[in-house]
Amino acid sequence: MHYGTPHIGSFYHTGIGQVFTHILGGDIKDLLPRDAGSRWAIIGYPFPVLADLAATGTSPHCVAISGRLGGGIWPQSGANRTVVVDEGDWPLASHSLDALVILHGLEFAPDPAIFMAEAARVLVGQGTVIVIAANRRSLWSSMEWSPWGHGQPFTANQLQSLLHDNGLNITAHVPAIFIPPLRWRPIWRMAQYFERIGRLVCPALPGVHIFAAKKQTLAGIVIPANARRGAMQPGRVQLSGAQASVQEPA
């Protein structure tokens, strides 16, 4: 199966994909900092929720697309603010973001520890990271017809450890997507019912884990032993050639 843009984009154009968009977009919006002037970005493959967030007046300062997932343009008009990045070497300055949203990024990262180390690096002290990842224990993680059935899924404990090891203090855990992985339209229409009941009755079995965490100002950031030299150095990282490419508006 192709991991790139066409597959993920086509999934979110289906009825069940729109259900995911609505649920995840609402949860992300609720967890984002509400301070005026907050600088935040999305990394991974964020296009499914961008429109939903824009409808609420929430808009990221930049979009970083994981290199394995292809490319794209955002916004469609005006100055383009997307960049394709190497998952372990982001072209973002250290301490440059108040918040970071990770969607369809962590599951496809070759090394999740290095990926999260980069997330911690770019956040200011007490900055917020919101991580959305497939639940290893859910049926959704084995559904190959959706992007949630590819890449590496995680249990809640694995995500907690990954965040903690990188100096990120968990502030919220939102279980999401309790609709069964069935391609049957009547089920899709009952999504909100499944969401309410699932979060109340079986919060340990969501299709997707959403974690919010804050960077601990005084805590040291653990640098993985196999992190590339200079990946955690302050300053802006310059990428070129095969490492990064900025898409220009058509």
Side-chain angles (χ1 to χ4, degrees), residues 1-31 42-53 55 65-66 68-70 72 87 101-110 112 115-116 130-163 170 172-212:
M1 173 191 162
H2 179 53
Y3 284 131
T5 306
H7 175 76
I8 293 182
S10 62
F11 172 79
Y12 283 100
H13 280 92
T14 65
I16 188 63
Q18 290 299 305
V19 170
F20 268 81
T21 296
H22 180 70
I23 294 172
L24 296 180
D27 287 330
I28 292 170
K29 175 179 64 67
D30 291 341
L31 293 171
I42 307 183
I43 187 167
Y45 191 82
F47 296 105
V49 299
L50 279 176
D52 201 63
L53 290 173
I65 309 168
S66 295
R68 293 180 64 194
L69 301 182
E87 289 93 336
V101 177
I102 299 170
L103 174 63
H104 291 308
L106 186 60
E107 304 100 303
F108 297 106
F115 185 95
M116 287 308 303
I130 299 169
V131 180
I132 303 99
N135 177 15
R136 182 182 294 277
R137 294 174 177 164
S138 167
L139 289 175
W140 276 106
S141 67
S142 61
M143 296 295 109
E144 294 187 357
W145 50 268
S146 89
W148 300 96
H150 292 265
Q152 178 180 345
F154 295 86
T155 65
N157 286 339
Q158 287 171 333
L159 286 172
Q160 289 171 357
S161 295
L162 195 56
L163 291 164
I170 296 168
H173 174 209
V174 180
I177 310 299
F178 289 90
I179 184 172
L182 301 173
R183 289 185 277 192
W184 189 38
R185 194 171 298 275
I187 290 288
W188 305 346
R189 299 192 184 108
M190 300 173 64
Q192 292 303 324
Y193 169 80
F194 280 107
E195 210 65 16
R196 288 193 299 269
I197 297 300
R199 295 187 186 199
L200 181 65
V201 175
C202 50
L205 293 174
V208 174
H209 288 298
I210 304 176
F211 276 94

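We're numbering straight along the sequence, starting at 1.
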Side-chain contact, heavy-atom cut-off 4.5 Å: [X] with [Y]?
X    : Y    : value
E144 : H150 : yes
S146 : W140 : yes
T21  : P48  : yes
I28  : V49  : yes
I43  : V101 : no
V174 : R199 : yes
H209 : V131 : no
F11  : I16  : yes

To check you understand the geometry: which heavy-atom pair defines the closest contact between [X] and [Y], and what is its length?
X    : Y    : result
Y12  : P147 : CE1-CG, 4.2 Å
G207 : S138 : CA-OG, 3.3 Å
F115 : A109 : CD1-CB, 3.7 Å
A204 : P206 : C-CD, 3.2 Å
M143 : P181 : CG-CB, 3.5 Å

Quick check: are there more than 12 heavy atoms from other residues, nucleotides or ligands sitting under 6.0 Å from NE2 of H22?
-> no
For R136, look at atom CZ and say whether over 12 heavy atoms of other residues, nucleotides or ligands are found less than 6.0 Å away.
-> yes
Side-chain donor/acceptor of [X] to backbone N/O of [Y], under 3.5 Å:
X    : Y    : answer
E195 : A176 : no
Q152 : F108 : no
Q158 : T155 : yes

Full working for side-chain contact (heavy atoms from CB on, under 4.5 Å) between I132 and I102 = CA-CA 6 Å; I132 303 99; I102 299 170; 5.8 Å; no
Quick check for you: to the nearest 0.5 Å, what is the distance between [X] atom [atom1] and [Y] atom [atom2]?
X    : Y    : atom1 : atom2 : value
Q192 : I197 : CD    : CD1   : 12.0 Å
R137 : F154 : CZ    : CZ    : 14.0 Å
L103 : I42  : CG    : CD1   : 7.5 Å
F211 : L106 : CZ    : CG    : 11.5 Å
I170 : Q160 : CD1   : CD    : 4.5 Å
W148 : N135 : CH2   : CG    : 11.0 Å

Counterpart residues, salt bridge (Lys or Arg N to Asp or Glu O under 4.0 Å), relative to R196 (two or more places apart) = none
Centroid-to-centroid, H104 to F47, below 6.0 Å?
-> no
